[in-house]
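Just so we're on the same page: letters track the sequence lines, and every chain starts at 1.
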Amino acid sequence: MIKTEGLTKYFGNIKAIDNLNLHIKEGEVFGLLGPNGAGKTTTVRMLNTLTLPTSGRAEIDGLDVVKQANEVKRLIGVSPQELNLDKELTGRENLRLHGLLHRMKGREERIEELLKWAGLSDRADNLVRTYSGGMQRRLLVGRAIMHRPKVLFLDEPTVGLDPQVRRQIWDIIRDLTRQGVTILLTTHYIEEAEMLCHRVGILNHGELIALGTPRELKAKVGHFVVESLDNGVTNYRLFNTRENAYKFAEQRADDVFIRESNLEDVFIKLTGERIVR
Amino acid sequence: MNFYPIFLREMLIFKRRLLNIGYLFSTMITPLLYLVAFGLGLGRGISIEGISYLMFVVPGICAMSSMTNSYTWIATTISVGRLHFKTFEEYQVSPVTATDIMLGEILSGVVRGLFASSLILIAGAIFGAGFPQNPIFLLVWVLNCLIFACFGVISGFLAKSHEDTATFSNFFIMPMAFFCGTFFPIDNLPAFIKGFLYILPLTHANNALRTSFLGQQVEMISLGIMLAFLVISFYLGVITIRRSNR
Ligand SMILES: Nc1ncnc2c1ncn2[C@@H]1O[C@H](COP(=O)(O)OP(=O)(O)OP(=O)(O)O)[C@@H](O)[C@H]1O
Ligand SMILES: [Mg+2]
């Protein structure tokens, strides 16, 4: 459904994405992880026609994102990292314009449905300027799914949300997954990717350094982690079996902590950076 | 063709602005000052080409005000929406064409330009200049708004910062307001300046608005040059939108 071949983007001489080859199947939820500046947003923006690639190509449902941009736009829904709602309009007006831009039938019913989902029914006629950050993020996601796109781009859809609202966003992603929507999700919350995504890719400095299911990636670095405190610095050691982990832990006199590995360990091991929570 | 949502967005904003008295007042104040200062103050007892100065200056200020209001509204709404609020990205990921965006924006510029300059005509009528009778006046008036709304789109999409649209206005729009026959006929100027002014659209808007306001025959060449400006600037606008942000 989403395919890139040698996709590359330079901003002047800043390399944002280098030779990305991705193949995302129909109905797949794909998570793009990576530290700040890794190139996640750039990838999403090239796929949703906002940014022209420097070289390489990408297609969505067989349509070239550069040459057939207008056809691509009919298929996709976009929730950008940066809140780009029209703050001078009300929430309802934002959704109405979106429906009109997509020539939607049954627009008004869908608006009510989404406002209710976003918990904004009683604020629908207030200017978006007066909404909290979380309210705006919910409206943004609601707008992206409004016209029932086949392919959905969610660039950090849960950033800055309270735990309840995050779960609400997860629920809608799971619901869309059941309906067979193809989703490209970027996130800094590892557990989110682990929970929602069929496969994840890890980007670092514009390069894809790992690709696979969360299980596969964890198997690659080791299933068990021993955390120990050495002179005030937490160290992580990864082991393939529980036995090896115990053996190591027993040699240590100080406090150690054994647990199963998660995607964050994969991430840290591969990028050498800790994800900011 | 799906320009309606883009037009509707601007109209929703415009409607909200109209409810704001401060905004209404500031739209009216500058051209009214010109009208009072030039039409009633300076122009009292003066006549140009056999007509009272008031009759001369009212269509001129109408041309000027429709120009600046169409241009400024569009250039501002686009540059701020593109660079600051990123709201234009919503259009750019939706299945609307550059032509749709162009049409939606310039039609809203026309509404805005007609609104502001009709206040001038009303004020002029109150001071005794009367209303235009010739339907050609309306045509030229709309044409003028369209041309400068197109310029507004171009400058809004080319701007690298919000100040850029003001720079374009200071170097291009404002000089036209003063030299293209708004306040005095260009006939008395040296020939080389006259020749230069003759290729600017506002010169012809002034010429055609004034002659139709006075019930005289409008020069076809003026209409033709304005139409040519519209076609070219519309086309350039569509190209600019297509290339922006990519
Ligand atoms: N418009 C631009 N002009 C110049 N450089 C840019 C532009 N957009 C992105 N970059 C650069 O491209 C690189 C990748 O940025 P990108 O926004 O894709 O990262 P990201 O993975 O989304 O990061 P974050 O997690 O902070 O959102 C960075 O080095 C960034 O500085
Ligand atoms: Mg990003």
Check each atom of [X] against the heavy atoms of chain B and say whether the ones under 4.5 Å are side chain, backbone, both or neither.
{"X": "A/L83", "answer": "backbone"}
{"X": "A/H98", "answer": "both"}
{"X": "A/L127", "answer": "side chain"}
{"X": "A/R143", "answer": "side chain"}
{"X": "A/E88", "answer": "both"}

Distance check, rounded to the nearest 0.5 Å: [X] atom [atom1] versus [Y] atom [atom2]?
{"X": "B/F88", "Y": "A/L50", "atom1": "CZ", "atom2": "CG", "result": "13.0 Å"}
{"X": "B/L12", "Y": "A/L97", "atom1": "CG", "atom2": "CG", "result": "6.5 Å"}
{"X": "A/E82", "Y": "B/E89", "atom1": "CD", "atom2": "CD", "result": "7.0 Å"}
{"X": "A/L140", "Y": "B/E90", "atom1": "CG", "atom2": "CD", "result": "9.0 Å"}
{"X": "A/N84", "Y": "B/R82", "atom1": "CG", "atom2": "CZ", "result": "14.0 Å"}

Notebook entry, point to check: Can B/R9 and A/E93 be said to form a salt bridge (Lys or Arg N to Asp or Glu O under 4.0 Å), step by step?
Noted result: CA-CA 8 Å; B/R9 187 266 171 191; A/E93 286 166 350; over 6 Å; no
Check whether more than 12 heavy atoms from other residues, nucleotides or ligands sit under 6.0 Å from atom [atom1] of [X], and answer yes or no.
{"X": "B/F115", "atom1": "CZ", "result": "yes"}
{"X": "B/F7", "atom1": "CZ", "result": "yes"}
{"X": "B/F172", "atom1": "CZ", "result": "yes"}

Hey, are the side chains of [X] and [Y] touching, using non-hydrogen atoms and a 4.5 Å cut-off?
{"X": "A/T90", "Y": "B/R16", "answer": "yes"}
{"X": "B/S94", "Y": "A/H102", "answer": "yes"}
{"X": "A/R103", "Y": "B/N2", "answer": "yes"}
{"X": "B/P5", "Y": "A/L101", "answer": "yes"}

Notebook entry, point to check: Heavy-atom distance under 4.5 Å to chain A: side chain of B/F85, backbone, both or neither?
Noted result: both
Next item on the list: Could you please spell out the steps behind the side chain to side chain contact (heavy atoms under 4.5 Å, CB included) verdict for B/T87 and A/L85?
Entry: CA-CA 6 Å; B/T87 43; A/L85 296 159; over 6 Å; no
Next item on the list: For chain B, find which of A/I76, A/N70, A/L89 contributes the most heavy-atom pairs closer than 4.5 angstrom.
Entry: A/L89
